[in-house]
2 protein chains.
Amino acid sequence: MTQNKTIKEGRVGAANKQLILSAAEKEFAKNGLKGTRIQQVADRAGLPKTNVLYYFKTKENLYLAVLEQILDLWNSVFDQATSTDDPAEVLARYISEKMEFSLTRPESSKIFALEIINGAPNLGGFFKERHVTWTEGRVAVVNEWIAQGKLKTDDAEFLLFHIWACCQHYADFAAQITHLQGKEMGRVEYDRATKALIGLILTGCGLVVPDSYK
Amino acid sequence: MTQNKTIKEGRVGAANKQLILSAAEKEFAKNGLKGTRIQQVADRAGLPKTNVLYYFKTKENLYLAVLEQILDLWNSVFDQATSTDDPAEVLARYISEKMEFSLTRPESSKIFALEIINGAPNLGGFFKERHVTWTEGRVAVVNEWIAQGKLKTDDAEFLLFHIWACCQHYADFAAQITHLQGKEMGRVEYDRATKALIGLILTGCGLVVPDSYK
DNA sequence: ATAAAACCTGACTAATCGGTCAACTTATTT
DNA sequence: AAATAAGTTGACCGATTAGTCAGGTTTTAT
């Protein structure tokens, strides 16, 4: 017999759960937690509202499930980097990954942004702790690079912020960018933006852009 | 007799209108349009709910008034810059201005961010047109700088996006930054962040940071 | 002074929406 | 096959909340 988290368990209905989560992610990204109606999620999933409630009990619950699924994607090549690695390679790769995330999962990025703008009331202490630890570790690596004369920047933490800001901007502010450019950014435009960003950040840190990212 | 926009006019109550707008800005920044209750705005302004409705008729109306007030602040030193100006000076100044805006008007930045994330459903065509024109003009200036060999970047428009992204990040993601740094960013930390960002962007464009921004 | 306009607000309403419930069907176990 | 659990859904309810209204007070114009 399979274990269950709280009271009930899922068998075939697990597919429905994923269907609902996917629909909810799109709605929450567009309208936020408060602005999203359970009915909208149900309509998008092609199910009656009551069925959504059957699986997730409350709207808050559904939102938390969506959020949790998003935070599970928060891994990157930077996680395991050490000061013996080449900063140009690591940073270029890290930026590429985050840009790829903005291209393929814009709704995830938007939900995270909405959550932070609202003061992160639903981000559990567990995620926050892990995030602090992760950041401290990365800052330490960058500082070692600086000490080794491999990289120049005023502040390692601010550098991380600036990378996050630029990459997330392409997902969160896509509406603005689309309007300014007259069309949506596709794979081609994302590749150009990624190259431009890698060039800016790496050059800004006194690094040479690896040929594979030019 | 003074003219009025729709039907009525404001006299002494103009002070109240501003009081309400200020309270509404804070609430909308924290909870968004859908998530904000008129009662919350009224409470913050120290007025009965009906009084808020008296001045602004509907919640949407109030939101639009807040938004309009925010967009009126969208001016900068970059507006009048030409290709004969020094790009290092202009960009450093522009970044400083935008960072100052994030420090002093974080709620404004957040409301704008929420609006864009939601697909900009309330940004009138007038603002959008103006914004496109402004951006095209600035891109042209940067491209002239590039042609003159004063500045290096892959794409002028992406450069603007990256500047916006970084500066707005300090307002919009303040909750995250506060958590990672263990305390809120004050004037001192903003000055350090501004210098780090100016260094990154200008160096990234092959410019030398002016002494006054070091 | 007085008329008119602007301003103020408690009481109320209509509509929305999250969530419950009970009856039902389908799947699984033994 | 029969018992039990999981899944499905229409009908309904209570709470919330945007917005109305009517009757008042204060301010301003003349």
Side-chain angles (χ1 to χ4, degrees), chain A residues 1-28 30-67 114 118 121-122, chain B residues 1-28 30-67 114 118 121-122:
Chain A
M1 187 190 256
T2 55
Q3 288 293 347
N4 41 8
K5 291 175 196 167
T6 50
I7 304 163
K8 287 167 190 166
E9 59 183 320
R11 293 187 207 262
V12 290
N16 268 9
K17 237 176 167 173
Q18 194 52 49
L19 184 70
I20 294 167
L21 280 172
S22 184
E25 188 177 13
K26 286 171 188 135
E27 290 301 322
F28 284 137
K30 198 188 293 178
N31 307 114
L33 170 55
K34 294 277 184 65
T36 296
R37 304 289 99 110
I38 296 177
Q39 188 66 59
Q40 294 173 332
V41 175
D43 288 349
R44 184 181 282 272
L47 298 168
K49 188 183 75 167
T50 338
N51 207 343
V52 174
L53 267 325
Y54 171 72
Y55 283 108
F56 294 96
K57 293 292 174 197
T58 69
K59 187 168 79 161
E60 265 69 25
N61 231 346
L62 174 58
Y63 178 76
L64 289 175
V66 169
L67 204 55
L114 290 172
N118 286 353
N122 298 292
Chain B
M1 185 189 256
T2 56
Q3 288 294 345
N4 40 6
K5 291 174 196 170
T6 51
I7 305 164
K8 287 167 190 165
E9 60 182 317
R11 292 187 207 265
V12 289
N16 268 10
K17 238 175 167 173
Q18 194 51 50
L19 184 70
I20 294 168
L21 281 172
S22 183
E25 189 176 12
K26 286 171 188 135
E27 291 300 324
F28 283 136
K30 198 188 294 180
N31 307 114
L33 171 55
K34 294 276 184 63
T36 296
R37 305 288 98 113
I38 297 178
Q39 187 66 60
Q40 294 173 333
V41 175
D43 289 348
R44 185 181 282 272
L47 297 169
K49 187 184 74 165
T50 339
N51 206 344
V52 174
L53 268 324
Y54 171 73
Y55 284 109
F56 294 95
K57 292 293 175 197
T58 70
K59 188 167 78 162
E60 265 69 25
N61 230 348
L62 173 58
Y63 177 77
L64 289 175
V66 169
L67 205 55
L114 290 173
N118 287 353
N122 299 293

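To find a chain, count down the sequence lines: A is the first, B the second, and so on, and within it residues start at 1.
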Any B/Arg37 side-chain nitrogen or oxygen under 4.0 Å from OP1 or OP2 of D/dA18
yes
Below the 4.0 Å mark, does D/dG7 have OP1 or OP2 next to a side-chain nitrogen or oxygen of A/Tyr54?
yes
Rounded distance in Å - CG (B/Leu19) to P (C/dC7)
14 Å
Atom NZ of B/Lys59 and atom C1' of D/dA18 are separated, to the nearest Å, by 8 Å
Between B/Tyr55 and C/dC8, does any side-chain N or O lie under 4.0 Å from OP1 or OP2?
yes
Does the side chain of B/Asn61 get closer than 4.0 angstrom to OP1 or OP2 of D/dG19 through an N or O atom?
no
Can you tell me if B/Lys59 uses its side chain to pair, donor with acceptor, with the backbone of B/Leu33 under 3.5 Å?
yes
DNA chain C: 5'-proximal contact among A/Thr36 and A/Thr50 (nearest heavy atom)
A/Thr36
Between atom CG in A/Leu47 and atom C1' in D/dT8, what is the gap in whole Å?
10 Å
Using a distance-only criterion (donor-acceptor N/O pair, under 3.5 Å, no hydrogens), is the base of C/dG19 paired with the side chain of A/Lys49?
yes
Mind calculating the distance between CD (B/Gln40) and C1' (D/dA18) to the nearest angstrom?
13 Å
Given atom CG of A/Asn51 and atom P of D/dA6, what is their separation to the nearest angstrom?
15 Å
Distance in angstrom units between B/Phe56 CZ and D/dA18 P, rounded
16 Å
Do A/Thr50 and A/Tyr54 come close enough that some side-chain heavy atom pair is under 4.5 Å?
no
For DNA chain D, the dot-bracket notation using Watson-Crick and G-U wobble pairs below 3.5 Å, [ ] for pseudoknot-type crossings and | for other-strand pairs, is ||||||||||||||||||||||||||||||
How many angstroms lie between atom OH of A/Tyr63 and atom NZ of A/Lys34, to the nearest 0.5 angstrom?
11.0 Å
In the structure I gave you, are the side-chain heavy atoms of B/Asn118 and A/Asn31 within less than 4.5 Å of one another anywhere?
no
Nearest whole Å is fine: how far is C/dA15 C1' from B/Lys34 NZ?
15 Å
Could you check how far CG of B/Leu53 sits from P of D/dG19, rounded to whole Å?
7 Å
OH-CD1 distance between A/Tyr55 and A/Ile20, expressed to the nearest 0.5 angstrom:
6.5 Å
Calculate, to the nearest 0.5 Å, the distance between atoms CD and CG belonging to B/Glu60 and B/Asn122 respectively.
7.5 Å
Paired with B/Leu62, the side-chain contact (heavy atoms from CB on, under 4.5 Å) test is passed by just one of B/Leu21, B/Thr36, B/Ile38, namely B/Leu21
